Amino acid sequence: MTVPDTAAQSLVERLRDVATHGMVPAKIFNDPAVYDLEVERLFSKAWNFLAHESEVPKAGDYVVRSIANNSILVARDEAGEIQVHLNMCRHRGNQMCKADLGNASHFRCSYHGWVYKNSGELVAVPYHKQAFGDELDKKQWGLVPVKTAMYEGLIFGSLDPDVEPLEDFLGGFQFYLDYYLKTGAEGVEVYGPPDIWESRCDWKLYAENGSGDGYHTPVTHQFGFHLGYFASSGATHSIGHSVHFPDKGHGIGLGETPGMDPFLGYPPEIIDVLKERLTPEQLAVFEPVRTAVGMAFPNLSFLSQPFSPIPGEPGIRFVTMRQVRALSAGTMQMSSWCLVPKGASEEYREAAYSAYTLAFGPGGMFEQDDMENWNNITQQLKGSVVREMDFPYVSGLKQEPVSDYPGPGVALRPYMNDSNFRNLWSTWAKYLTDKE
Ligand SMILES: [Fe+2]
């Protein structure tokens, strides 16, 4: 591990108590020393989302993903098992598989030609006898495995062999993930490969927004209300809850519209599945929810909302899952999927994908609004004066949690407050100051 930068270390230390003081310094953004801490102490220690199992449905299917600055190969082997390895030839460290996705039983390094099965075993070394004699035991030099765990079709990986079980890491946030993942009797699947784009934006700005920023919607996306794309109005927009999981970092914003039909925007057959698969407590939380935007710490977010592609008409509900990856201090890569229930009608799937693309694809009208703000903030925070400033995350600071809320986590009303963000920052700081 590199020697931690002490200025960055003491900067991050201040965020451990953000739940008390509510101040976030501009300097945590765009800082190479903070980025190094994020790579070594957060992304290399946490569980990281890698892929949805529906992205590799058949033997030989693979996708190439990343954990921080490490390339990761996720493949379904010939026996049908999910295999996750560092995407690196064990001989000289070359990137093993250079395509984003495909189907292959074996991978061959482009440098000296070592060949591995998709299950990771090294099976062929060119000129083995001439070059190595008996000095290379192929069994010792397979691809490096990555620890994995799954929840409802989501494949997670961790680079830390001592990481806590995924179940504990999610720590009850599964209650909210189910809302996005149990819409089909057999779960969900991706609608095609992810949209992927890069941006001059610090990944943490997205992490914050994805944790449930109900406050920005009536301003950033105000035209959506005016033109009738949303099933809500600016006047009622603040109604609902924000929920966070202390020390876990997860947070979700649940916007509600009074008098709205339960699960507005889903066809009846999907609502029937939700009523079958969700618990009474989950139904009590989710039936009134119009918009649910939540982040599984540190960087996997979900959004469910009805959207009307033809303004004023009854909307269609879509779900998008997105992962934001830090590429460097102040730059990020977004991967964005549309999730649809397995077995849903083609009519619904296409309508949901169309709504997702128009709203939150890389050219989506609301995605563009957001990205413009985040890119601007990232550049602005580099200013010599701005860099020394703190920003107030004090909304809801003195508020008591809702006592009769039926779900897990700490819930505050209304949908607009900073409690999820304070928890995000204090959890982030906990990881970054952990000396282990
Ligand atoms: Fe937004």
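Remember, it's 1-based here, ligands and their atoms both numbered in the order they're listed. The figures here come from the full heavy-atom set of this structure, side chains too, leaving out hydrogens, waters and symmetry mates. Predicted, not measured: the structure shown is a model, and the values here were computed from it. Throughout, numbering of the chain's residues begins at 1 and tracks the sequence.
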**Request:** Check the surroundings of atom OH in Tyr151: do more than 12 heavy atoms from other residues, nucleotides or ligands lie under 6.0 Å from it?
**Result:** yes
**Message:** Please check if the number of heavy atoms outside Arg277 that lie under 6.0 Å from its CZ is greater than 12.
**Reply:**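 For Arg277, atom CZ is crowded (more than 12 foreign heavy atoms under 6.0 Å).
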**Prompt:** Do Asn103 and Asp61 have a side chain donor and acceptor closer than 3.5 Å?
**Reply:**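 The criterion, which ignores hydrogens and geometry beyond distance, is satisfied for Asp61 and Asn103.
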**Prompt:** Salt bridge check: are Asp178 and Lys182 linked by an N-O gap of less than 4.0 Å?
**Reply:** yes
**Message:** With 2.8 Å as the threshold, which protein atoms of type N, O or S lie near the Fe ion (ligand 1)? Leave waters out.
**Reply:**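 Listed by chain and number, the atoms are His216 NE2, His221 NE2, Asp370 OD1, Asp370 OD2.
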**Output field: ring centroids Tyr415/His237 closer than 6.0 Å** =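 Close enough - the centres of the two rings lie under 6.0 Å apart.
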Table please: side-chain donor-acceptor pairs of residues 302-311 below 3.5 Å, with sequence neighbours left out.
{"unit_1": "Ser304", "atom_1": "OG", "unit_2": "Arg317", "atom_2": "NH1", "d": "2.9"}
{"unit_1": "Ser308", "atom_1": "OG", "unit_2": "Glu313", "atom_2": "O", "d": "2.7"}

